[in-house]
Number of protein chains: 2
Amino acid sequence: MYEDRIRLARLRDKIMSAHDAATLFKDGMTVGMSGFTRAGDCKAVPLALADRARQEPLKITLMTGASLGNDTDKILVEANAIARRLPFQVDATLRGKINNGDVMFLDQHLSETVEQLRSGQLAPVDIAVIEATAITETGAIVPTTSVGNSASFAILAKQVIIEINLTMPLAMEGLHDIFIPTYRPHRQPIPLISPEQRIGTPFISIDPSKIAAIVITEKADSPSNVLPPDAETNAIAGHLDEFLRHEVKVGRLSASLQPLQSGIGTIANAVLHGLIDSPFRDLKMYSEVLQDSAIELLDSGRVSFASASSITLSKPTYERVLAHINDYKSRLVLRPQEISNHPEVIRRLGLITINTALECDIYGNINSTHVSGTHMMNGIGGSGDFARNAHLSVFVTKSIAKRGAISSIVPMVTHVDHTEHDVDVIVTEHGLADLRGLAPRERARVIIRNCVDPLYQGPLQDYFNEACKRGGHTPHLLEQAFAWHTRYQETGDML
Amino acid sequence: MYEDRIRLARLRDKIMSAHDAATLFKDGMTVGMSGFTRAGDCKAVPLALADRARQEPLKITLMTGASLGNDTDKILVEANAIARRLPFQVDATLRGKINNGDVMFLDQHLSETVEQLRSGQLAPVDIAVIEATAITETGAIVPTTSVGNSASFAILAKQVIIEINLTMPLAMEGLHDIFIPTYRPHRQPIPLISPEQRIGTPFISIDPSKIAAIVITEKADSPSNVLPPDAETNAIAGHLDEFLRHEVKVGRLSASLQPLQSGIGTIANAVLHGLIDSPFRDLKMYSEVLQDSAIELLDSGRVSFASASSITLSKPTYERVLAHINDYKSRLVLRPQEISNHPEVIRRLGLITINTALECDIYGNINSTHVSGTHMMNGIGGSGDFARNAHLSVFVTKSIAKRGAISSIVPMVTHVDHTEHDVDVIVTEHGLADLRGLAPRERARVIIRNCVDPLYQGPLQDYFNEACKRGGHTPHLLEQAFAWHTRYQETGDML
C-alpha cells in the first residue's frame, strides 16, 4: 500500500494512526509544524496532540511557517497545548490568549526563524511535523501547497512525523525548490538571480532514520477567506496602476516593472487583481504567498512566472490549480520562506513590494500589527523582510475604518513595524503619496493632501501645523500624539 | 608638477584654484561630496562654494557618504548654501537648521543612497567633489581615508571635481576595494564571503573626460572627538565581554566570534577597546567606520583584519596610521559604504553588531536619532543596515543622562528607528538583557531588571504592571506612554 506515496519501502512500517504518532510528544517540547498562510499544514497529528493535551499536562512551543488552517491553532490553544508560539498566527482564539498574556508569542520576520534555529539562538526543534505529497526512494520529503519552514524544521529536528496527504496530486513533485544556505563562517552567496530560477532540489533531503511516524490524511487545505474587490480597493488599485504607468513613462521602470511581492489579504489581492487590465507585460512575482489574484494573472498571461513559499486560494481556484498542477509547474515554484523572504535576494532582484498597513502616520511610519498599539492582530509576517529591502516599498490601506470612527492615518502610529526609512509610497482610496526623496515635513504635507479621508484632513493638518510651531525634524505634540486613539477607546470615535 | 599624483598627463591642465572650480556650481544643483565620519572629505572646494553662496543665490542639494569634518556643514549652512542634505550629518549649526525646517534633511540607511540614485529615485548628481590621493594613468581616482559614496557619485555625476590632498601618502593606493553591484534586472550576487576578501579595483574608474577641475590641498582630516572610556562605558564593555564568553562556552560562537561591527561614538569605541584584554582571538571587523579602538585591536593582534568604509581617528593615531599605511594595508581595506553596509553581505557574514541607542523602551524598541521624538540628532546612519541583518544585534547606552534627570530606558520610545524584531541584546552599565527568543512581556521584565538605573526601576515596573492589567501582546498605557518625556520638557526631570 502507498507504494507511490512512500517510495522508500522500509518506511512503510512507520505508518500509524495520528493518535499513536502523538504519543511521541512530551510536555515542554519544541515542535516545528509545516503550514504557511493556511496552506500545507498538517491535518491530523495536531488534533491528536490536542486530544492528549486535554487529558494530561502537555504544553509545547509551536513553530510554523506562518498561519495554520483548519482551526488548528484554536483547537490546540483551547486544549491548553501551546505555551509559546512563533512566528505568525491569524487565529482569533489564539490571539485572545496572546493578548491576555497566557501564550508567549514571538512575532518574527518570517525570513529569520530558521536562521535563529540554525545558530542555536532559539531552542532546538524536538519534533518536526510535516505534510507531504510523497516520500522519495531516498526518504526525502515532497511538500504540498507550502514550503514555509518545513525544510529546516525537518533537517534540524531530532524526530520527524510526516503526514502524507492523499488529496495532493503526485504531480506536485517538481513544484518545489528546496535550497538551504550554507553554514557560517563559510556561507556562499545564494545563487538566485531571477524569480524563475531553480537552485535546489525538488524535495527535502533528511536522514530517513529520523522519520518516526507516517500518518495518512485526506483533508484539503482551508480555503482562503479573502473578500472580493470593492469600490475602495479598486480605487487603491487604480492609483497604484497610474503611478506605475508614470514610472514606466519616465523610464524609471520597464514595461515588465520589477518582480512583484504582495502581502496577504483582501486589499493586496484586489491590487494585484487590478493588474489584469494593465499595459504591463511579462510580469514576474517573487512573493511569499500567492492568492487567487496571482493565479488569475498567470492564467491571463500577464504574469509569466510566480515564485512564492505558499499558495492559499479560494476553494474553486484551489481545486482548479491542483487538478492542473502539471500545467502550472513550469510557471510556478514554491521555496522555503527563508529564500522567498531573504534580504539578499529581495535587494538583488529589486522588488516592488505591496503590503497592508493597519495604520500609518503623517510621516510614513507604519503599524502592521498592534491594534491601539497594544493588541496583536496577526504578526509582522514577511512585510519587514520585503519593505526593508525593496526597490519600491508600497503600503496600502483604506483611509478609514468602522465607518469613519477610525482614521487609518494618524498623527503618530501607536506601534512601529516599518520606519519611515522603509516606506516609499502610501496608497489609500483617496490617492497616492510618493514619499521618495522627501524630508519628514514634506512627507506629511503629501500624505495629508493625497491619502487622508476628508473627515480627518483638517484635524491632521491642524496637528501638523501646531507641531511645526514647536520645531523639530519630525514635529510632534507628544502630549497629543495618541489623543485620537485614547478618544476612540473612550468614545468609540477618534474625532 | 604632480606627476606622481596626476599620472594621466593631460589631466594636469585641469589644475585650478578652488575658487575657479567653484564656478562650476549652479543654483539648484545636486552635489555629491566625498566624506564619511569626518574622513576623506574635501577641504577646499566646499569653502569656495560657501564664498560664492555668500555673494549670490546658490543653494544645492548636498549628498555625502556621512558626516563631514572641518566645519564644512556649518560653513555651508551659514552661507545659506544648503537646501537639502542627505544622508547623515553631525553638525550643530546644520542640525539647528534641520530642526527649524530651513534645511530639508533625508535621514537614510547609509547603504541605500546610491541605490536610489542608480535607479533614478533621487535627483541625479550634477557634480561630484571627491578627495583623492592620486589619479591613475587611466584617470581613475584613488580615494583617501574614506570611500563612502564617492565611487558611485563619481560614476553617476555629469562632472567631477577632484581635490588631490598632498598630505595623503601615495602608499594609500591599494588600501581601497571598489566594487559596484551590477545593474538590475541582471544583478549578480556580491561575491564577498569574508571580511578580508578583495572583490573590486583599488581605484574608482570613471571616464576621465568628466573630470572638470583638479584642486590641490594639504589639509588633514578633522580628528575624531571621541572621549576616553569611563566607569560606565567600562562596565558596559565588561557585561558584553562576559556575555560573549558565555556564548563561546555554550558553543553558539567560536573563539573568534563572528565579524564585528561597531557604530561610531564614545560608548562603541570603549566597548571595542575592552576587547583588547579578551580571550577571543583572530577577530575580524566588518564595519562602516574604524575608530582608534579598531587600530588598537589591529596593533595588539587581537583583530587580524578590518574592513570598513572610513577610518576616523584621534590626531596621534591618524598620524601613526598614515605614516605606516603600508604596514596596515595587508590588514585593512576600505570599501564603498554600499558594500560595507550591504544587507546581503551583513546577513551572509553573520555579524555581531554594536550600536548606540539614544533611548530604548521596555520592549526593546530603539530610538537612535530623535531627541524627544522630534529633534534630529545625527541620523540613523548604518545602524539599521547592520541591526536588521545581524547575527547578533547589540545596542548599548548609559542608563541615565543629565545626572539622572533622563532615563535612557523609557515606557515607550518617542521615535522608532529599530523595532524590537531587530534588537537581540541591550547593555547598560547596570547589566545586559538577552532578549533572544523572548515575547514582549518577557523582554520587559529582563530589561527592567537588568538594565534600568535604580532611580527608574520602580516607576518602570509600575508602568509595566499597570499596562499588563489592560492586556495586550505589548501592554501600554497610551495616555501615559510619553508622560516622562513631557514631564522632562516641563520640569527638567523625567521623575
Side-chain angles (χ1 to χ4, degrees), chain A residues 98-101 104-109 116 119-123 184-191 193 251-252 258 343-344 347-348 350 365 370 372-376 380 384 388-389 391 414-417 419 421 436-437 439 441-442 468 470-476 478-479 481-482 485-486, chain B residues 98-101 104-109 116 119-123 184-191 193 251-252 258 343-344 347-348 350 365 370 372-376 380 384 388-389 391 414-417 419 421 436-437 439 441-442 468 470-476 478-479 481-482 485-486:
Chain A
I98 289 168
N99 285 323
N100 71 15
M104 292 294 103
F105 178 53
L106 272 66
D107 171 32
Q108 297 192 309
H109 297 303
Q116 291 177 16
S119 61
Q121 301 198 74
L122 288 173
R184 295 174 183 140
H186 300 293
R187 183 174 288 182
Q188 301 296 312
I190 297 171
I193 57 168
R252 277 192 290 264
Q258 291 284 120
E344 171 175 340
R347 175 91 169 238
R348 183 182 303 145
N365 299 288
H370 282 67
S372 298
T374 54
H375 283 62
M376 173 55 62
I380 193 167
R388 176 67 183 79
N389 295 290
H391 172 79
T414 50
H415 181 89
V416 177
D417 289 294
T419 72
H421 307 94
R436 295 174 297 172
R441 289 175 188 231
E442 298 170 312
C468 284
R470 293 201 199 156
H473 177 61
T474 307
H476 269 300
L478 282 192
E479 77 285 2
F482 298 145
H485 297 87
T486 54
Chain B
I98 289 167
N99 284 322
N100 71 15
M104 292 294 103
F105 178 54
L106 273 65
D107 171 31
Q108 296 193 309
H109 296 304
Q116 291 178 16
S119 62
Q121 301 198 74
L122 289 173
R184 294 175 185 139
H186 301 294
R187 184 173 289 181
Q188 299 297 311
I190 298 171
I193 56 167
R252 277 192 291 264
Q258 290 285 119
E344 171 175 341
R347 176 91 169 238
R348 183 182 302 146
N365 298 287
H370 281 66
S372 298
T374 54
H375 283 63
M376 174 55 63
I380 194 168
R388 177 67 181 81
N389 296 289
H391 170 77
T414 50
H415 180 89
V416 177
D417 290 294
T419 72
H421 308 93
R436 294 173 299 173
R441 290 176 189 227
E442 298 170 312
C468 284
R470 291 201 199 157
H473 177 60
T474 306
H476 269 301
L478 282 192
E479 77 285 2
F482 298 146
H485 297 88
T486 52

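Throughout, a chain's letter reflects where its sequence line sits, starting with A, and its residues are numbered from 1.
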Subject >> Approximate separation, where rounding is to 0.5 Å, of R388(B) CZ and H109(A) NE2 >> reply: 3.5 Å
**OP:** Tell me, out of T486(B), L478(B), V416(B), who's got the most heavy-atom pairs with chain A below 4.5 Å.
**Re:** L478(B)
Original post:
Who wins among Q258(B), H415(B), E442(B) for the most heavy-atom pairs under 4.5 Å with chain A?
Top reply: E442(B)
**OP:** Check whether any side-chain N or O of Q121(A) sits under 3.5 Å from a backbone N or O of H391(B) as a donor-acceptor pair, and report yes or no.
**Re:** yes
Subject >> Donor-acceptor pair between H370(A) and T474(B) side chains, under 3.5 angstrom >> reply: yes
Original post:
What option among C468(A), A439(A), S372(A) has the most heavy-atom pairs under 4.5 Å with chain B?
Top reply: A439(A)
**OP:** Mind checking the NE2-CG spacing from H421(B) to L106(A)? Nearest 0.5 Å is all I need.
**Re:** 9.5 Å
Original post:
Which bit of N389(A) is near chain B, if near means a heavy-atom gap under 4.5 Å: side chain, backbone, both or neither?
Top reply: side chain
Original post:
So which of M376(A), H476(A), R436(A), R184(A) has the biggest tally of heavy-atom pairs under 4.5 Å with chain B?
Top reply: R184(A)
**OP:** Just give me the residue among P475(B), P343(B), G437(B) that pairs up with chain A most often, heavy atom to heavy atom, under 4.5 Å.
**Re:** G437(B)
**OP:** Determine the option with the most heavy-atom pairs under 4.5 angstrom with chain B, choosing from M104(A), E344(A), H186(A).
**Re:** E344(A)
Original post:
Out of curiosity, T419(B) OG1 to D107(A) CG, how far, rounded to the nearest 0.5 Å?
Top reply: 8.5 Å
Subject >> Option that, when pairs with chain B are counted at under 4.5 Å, heavy atom only, ranks first among R347(A), H375(A), R470(A) >> reply: R347(A)
**OP:** Please look at I98(A) and chain B and tell me whether the side chain, the backbone, both or neither of the residue comes under 4.5 angstrom of a heavy atom of that chain.
**Re:** both
**OP:** Could you tell me the separation between the CD atom of E479(B) and the CD atom of E479(A), rounded to the nearest 0.5 Å?
**Re:** 14.0 Å
**OP:** Determine the minimum heavy-atom distance between P189(B) and P189(A), stating which atoms define it.
**Re:** CB-CB, 3.6 Å
Original post:
Given the options R348(B), R187(B), R252(B), R441(B), which has more heavy-atom pairs under 4.5 Å with chain A than any of the others?
Top reply: R348(B)
Subject >> Heavy-atom contact with chain B under 4.5 Å, split by part of A123(A) >> reply: neither
**OP:** Mind ranking Q116(A), Q188(A), Q108(A) by heavy-atom pairs under 4.5 Å with chain B and telling me who comes out on top?
**Re:** Q188(A)
Original post:
So which of N365(B), N99(B), I190(B), T414(B) has the largest heavy-atom pair count under 4.5 angstrom toward chain A?
Top reply: N99(B)
